[in-house]
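Ligands are counted one by one from 1 in listed order, and the atoms in each one are counted from 1 as well. Here, residue 1 is the first one in the sequence, and each next residue gets the next number.
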Amino acid sequence: MGAGGNGAGAARVAVVTSGPGAAQDADLPLIVAGLRDAGLAAEAVHWDAEHVRWDRFDLALIRSTWDYAGRLEEFLAWADATARVTRLCNPAPVVRWNSDKRYLLDLAARGVPVVPTRFVEPGGPWAEEDLGAGRPVVVKPSVSAGARDTARYEPGQLADAARHVRMLREQGRTAMVQPYLRLVAEGERALVFLGGTFSHAIRKGPLLTEAGVVDNARVAHPGAAPYRPSEAELAVARAAVAAVPGPEGPLFARVDLALDEGREPVVMELELIEPNLFLGMNPRGLDRLVAAVAGAGEAVAGGATA
Ligand SMILES: Nc1ncnc2c1ncn2[C@@H]1O[C@H](COP(=O)(O)OP(=O)(O)O)[C@@H](O)[C@H]1O
Ligand SMILES: [Mg+2]
């Protein structure tokens, strides 16, 4: 254990996790140890644990709250309440904005290339023909993580795709319909930004390997391996991060890109809540995150005791 554990004045950091996160998050122990080595008093805390005094912490770093999508209102209420008594990273309004993939519309409006997406609201108009004939599509909910309730359909499976949209609507959820980007077969890219600058990237294999199948037990990042992004990919990812609303840039961000038919990178997902950061493959990324947290946490701790 590092020196910071109980040093007076050391910034106190909650690294926020969950039941599923604590069991599976490979970044979590690295981050806690890295922060302690840097002299901060860091501990892992479950977001939904009872009787946590969040005001004990100078900073709460959301890390692996991997059960939030099924408990969204509870989670957003926690984020708002926590942000009132400590510094929450990323900030609560950013968490709220990023919890629903309708943020893709905001990115598109700011000129960021995104996967072309039709959002089907639970109460809104909708016809099976809207799926578009003759092309493979992906159907997924606008609030989700880990490819839950997500599937792709071949042109011969449009009735199944329509049933999937109907099911989401009947559950009161907004459905998304996108073209299936076949070039994910060459890998999706995930570009990690820490403290506002690009840190590292990975490439991973496609998830929706079988058409017409919803599988909620998928491996989220099959075959993840270090990757050097192209200039075009970096430019799109930077534009996505720059489009995040709010006065300050996100402390951490992951931009997931795929290539469209013309091999141009498009944003599939911008992860600002609890992304895997692949720090085990990227020790310098861990150093960057620790430096960013230390800077933010010490600013708060210093301010509080001055
Ligand atoms: N339009 C698409 N084309 C190809 N693959 C997709 C598409 N949308 C989703 N996928 C696959 O499903 C996975 C999960 O979808 P994603 O949009 O990242 O949502 P989440 O990770 O929040 O569940 C992606 O990593 C990708 O493998
Ligand atoms: Mg994803």
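Not a single heavy atom of Arg152 sits closer than 4.0 Å to an atom of ligand 1. At least one heavy atom of Val138 sits closer than 4.0 Å to an atom of ligand 1. In this structure, Pro179 is part of the shell of residues with a heavy atom less than 4.0 angstrom from ligand 1.
Looking at Thr150 next to ligand 1, no N or O pair under 3.5 Å apart turns up. Where the criterion is an N or O separation shorter than 3.5 Å, residue side chain and backbone included, Val115 fails it with respect to ligand 1. The distance criterion of under 3.5 Å between nitrogen or oxygen atoms is met by Lys101 with respect to ligand 1. For Asp256, no nitrogen or oxygen atom sits less than 3.5 Å from a nitrogen or oxygen atom of ligand 1, counting backbone and side chain alike. For ligand 1, the polar-atom distance check against Val184 finds no nitrogen or oxygen pair separated by under 3.5 Å.
Residues Leu183 and Arg263 form a side-chain contact, since some pair of their non-hydrogen atoms from C-beta on lies under 4.5 Å apart.
When every heavy atom of Ser142 is checked against every heavy atom of Met176, the shortest pair comes out as CA-SD, 3.6 Å.
The cationic group of Arg152 lies under 6.0 Å from the six-membered ring centre of Tyr180 and within 45° of the ring axis, placing it in a cation-pi geometry.
Here the OG atom belonging to Ser64 is positioned 8.0 Å from the CD1 atom belonging to Ile31, to the nearest 0.5 angstrom. Note that CH2 of Trp47 and CH2 of Trp78 are 8.0 Å apart. Values are rounded to the nearest 0.5 Å. To the nearest 0.5 angstrom, Leu289 atom CG is 8.0 Å from Phe252 atom CZ. A distance of 12.5 Å separates CD of Glu154 from CZ of Arg135, quoted to the nearest 0.5 Å.
Among the backbone and side-chain atoms of Glu269, an N/O/S atom is found under 2.8 Å from the Mg ion (ligand 2).
Within ligand 1, counting atoms from 1 as listed, the ones closer than 4.0 Å to a heavy atom of Leu208 are 6 (C), 10 (N), 11 (C), 12 (O). For ligand 1, the atoms lying closer than 4.0 Å to a non-hydrogen atom of Gln178 are 1 (N), 2 (C), 7 (C), 8 (N).
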